[in-house]
Number of protein chains: 2
Amino acid sequence: MKLNTKSRYAVMALADMAVFSSDNAVSLRDISLRQGISILYLEQIFLRLKKNNIVKSVRGINGGYILVKSPKELKISDILLALDQKVKTIGCKKDSKKSCNGKSTKCITHNFWDELDIHINSFFENKKLSDLLKNREVRI
Amino acid sequence: MKLNTKSRYAVMALADMAVFSSDNAVSLRDISLRQGISILYLEQIFLRLKKNNIVKSVRGINGGYILVKSPKELKISDILLALDQKVKTIGCKKDSKKSCNGKSTKCITHNFWDELDIHINSFFENKKLSDLLKNREVRI
DNA sequence: ATATACCCGACTAAAATAGTCAAGTTTTTG
DNA sequence: CAAAAACTTGACTATTTTAGTCGGGTATAT
Ligand code: FES
Ligand code: FES
């Protein structure tokens, strides 16, 4: 069970923005250099972040991206959701009548996975971007 | 983020055994029929469960598998571990000196993923196989 | 003997992932 | 105005992972 790199990089890039935020927009080029993530890949990620209203963009020279909410208000779950990464450890379709093994009743483990999903998602719900920046070592 | 089917089926199959346990071993054929999982796939899964001492086998006619521990004592984390599914949402190698982005210091998000791993793994540590069987609907 | 059921490595098709490419548009600054 | 910086977008591809099968075993109860 692993989160994909898109999600991990998204959180990393936004954390970077939170640290290096100023009145100006932060360019992907800067994030790329500081965090070691390909610009081309960041572009793809920020496209989604923008569509989901996590960041807004400023075009042209000296352009870049700006966080829509403050880091204190931005939930990690919002970020993951923007990248279609809502945790789903359950095997069946939540709304579907069918169980994960093709039977008509929910399987023997269904409730367990359901609990797990809630457990994990509540973690993401309760974490704010600003929480990542506490106690961190000073960096370049 | 999703658990793979091997892990899910392993938990399901073992839960099945816990329900239908008797003095006799439970055959994969029976589990397959009850839970709708391919026998060939179950074989592969039980091979690992056996190697990790979760079940023991009885060969020959009327053979099958038997739970080594009682469902009350069998932790879900033990099952997942047997299938190499220890949760690892972190991007870097835990022991490696290198960070996930190739730098020499741990990345800005490292501690966060670490916390998440602990959060999820403690869930699995505290759940026993017997916990899955509580409050379940009566089944065939 | 023979049927049943475990044992085990190798194999493959399909899906997901990670990341690139090409061809734009917008805006600032010289 | 022209050039450069930086966002915009969809399509494309190589690699890896996943899910599951196959084939040819071995052990044991009846
Ligand atoms: S996980 Fe929902 S029916 Fe099995
Ligand atoms: S997750 Fe460990 S260094 Fe980034």
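Within every chain, numbering begins at 1; the chains are lettered A, B, ... in the order of the sequence lines, protein sequences first and strands thereafter.
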Report task. Please name the residue in the list I76(B), L129(B), L133(B), D131(B) that meets the side-chain contact (heavy atoms from CB on, under 4.5 Å) test with F112(A). Result -> I76(B)

**Report entry** Spacing of I37(A) atom CD1 relative to dA18(C) atom P, expressed in whole Å
**Finding:** 12 Å

**Report entry** Short side-chain N/O contact to dA19(D) OP1/OP2 from S38(B), under 4.0 Å
**Finding:** no

Query raised in the report: For T5(A) and dG19(C), is the shortest distance between a side-chain N/O and OP1 or OP2 below 4.0 Å?
Result: yes

Query - For the student: nearest non-hydrogen atoms of V55(A) and F46(A), plus distance - result: CG2-CD2, 4.1 Å

Report task. For K51(B) and dC7(C), give me the distance from atom NZ to atom P, rounded to whole Å. Result -> 10 Å

Query - Polar side-chain contact R59(B)-dT28(D) base: donor and acceptor under 3.5 Å - result: no

Report summary line: When rounded to whole Å, the CZ to P distance for the pair R29(B) and dC6(C) reads 11 Å

Report summary line: The residue, G60(B) or Y41(A), whose nearest nucleotide of DNA chain C is more 5′ is G60(B)

Report task. Please check the phosphate of dA19(D) (OP1 and OP2 only) for any side-chain N or O of K6(B) closer than 4.0 Å. Result -> no

Query raised in the report: Roughly, in whole Å, what's the span from CG in L40(A) to C1' in dT13(D)?
Result: 14 Å

Query raised in the report: To the nearest Å, how far apart are I66(B) CD1 and dC6(C) P?
Result: 11 Å

Query raised in the report: From the list dC8(C), dT28(D), dT29(C), which nucleotide is the closest neighbour of the side chain of L47(B)?
Result: dC8(C)

Query raised in the report: Can you check the I39(A) CD1 to dT8(D) P distance for me, whole Å?
Result: 14 Å

Report task. Determine the sole option in L83(B), L132(B), L3(B), D16(B) for which the side-chain contact (heavy atoms from CB on, under 4.5 Å) test with V11(B) is passed. Result -> L132(B)

Query raised in the report: Quick one: which of K69(A), K128(A), R48(A) gives a salt bridge (charged side-chain N to carboxylate O under 4.0 Å, His left out) with D78(A)?
Result: K69(A)

Requested in this report: Just call it for Y65(B): base, sugar-phosphate, or nothing, with non-hydrogen atoms closer than 4.0 Å on any strand.
Outcome: sugar-phosphate

Query raised in the report: Do K75(B) and E125(B) sit within salt-bridge range, that is, some charged N less than 4.0 Å from a carboxylate O?
Result: yes

Report task. Could you tell me whether the phosphate oxygens of dA16(C), OP1 or OP2, come under 4.0 Å of any side-chain nitrogen or oxygen in N4(A)? Result -> no

Requested in this report: Take the protein atom CZ of F46(A) and the nucleotide atom P of dT8(D), then report the distance between them rounded to whole Å.
Outcome: 11 Å

Report summary line: Closest to the side chain of E43(B), out of dG19(C), dC7(C), dG20(D), is dC7(C)

Query raised in the report: Do Q44(A) and dT9(D) share a donor-acceptor pair, side chain to base, under 3.5 Å?
Result: no

Requested in this report: Starting from C1' on dT26(D), measure out to NZ on K50(B) and report it in whole angstrom.
Outcome: 11 Å

Requested in this report: Examine dC7(D): is either OP1 or OP2 under 4.0 Å from a nitrogen or oxygen in the side chain of S57(A)? Give yes or no.
Outcome: no

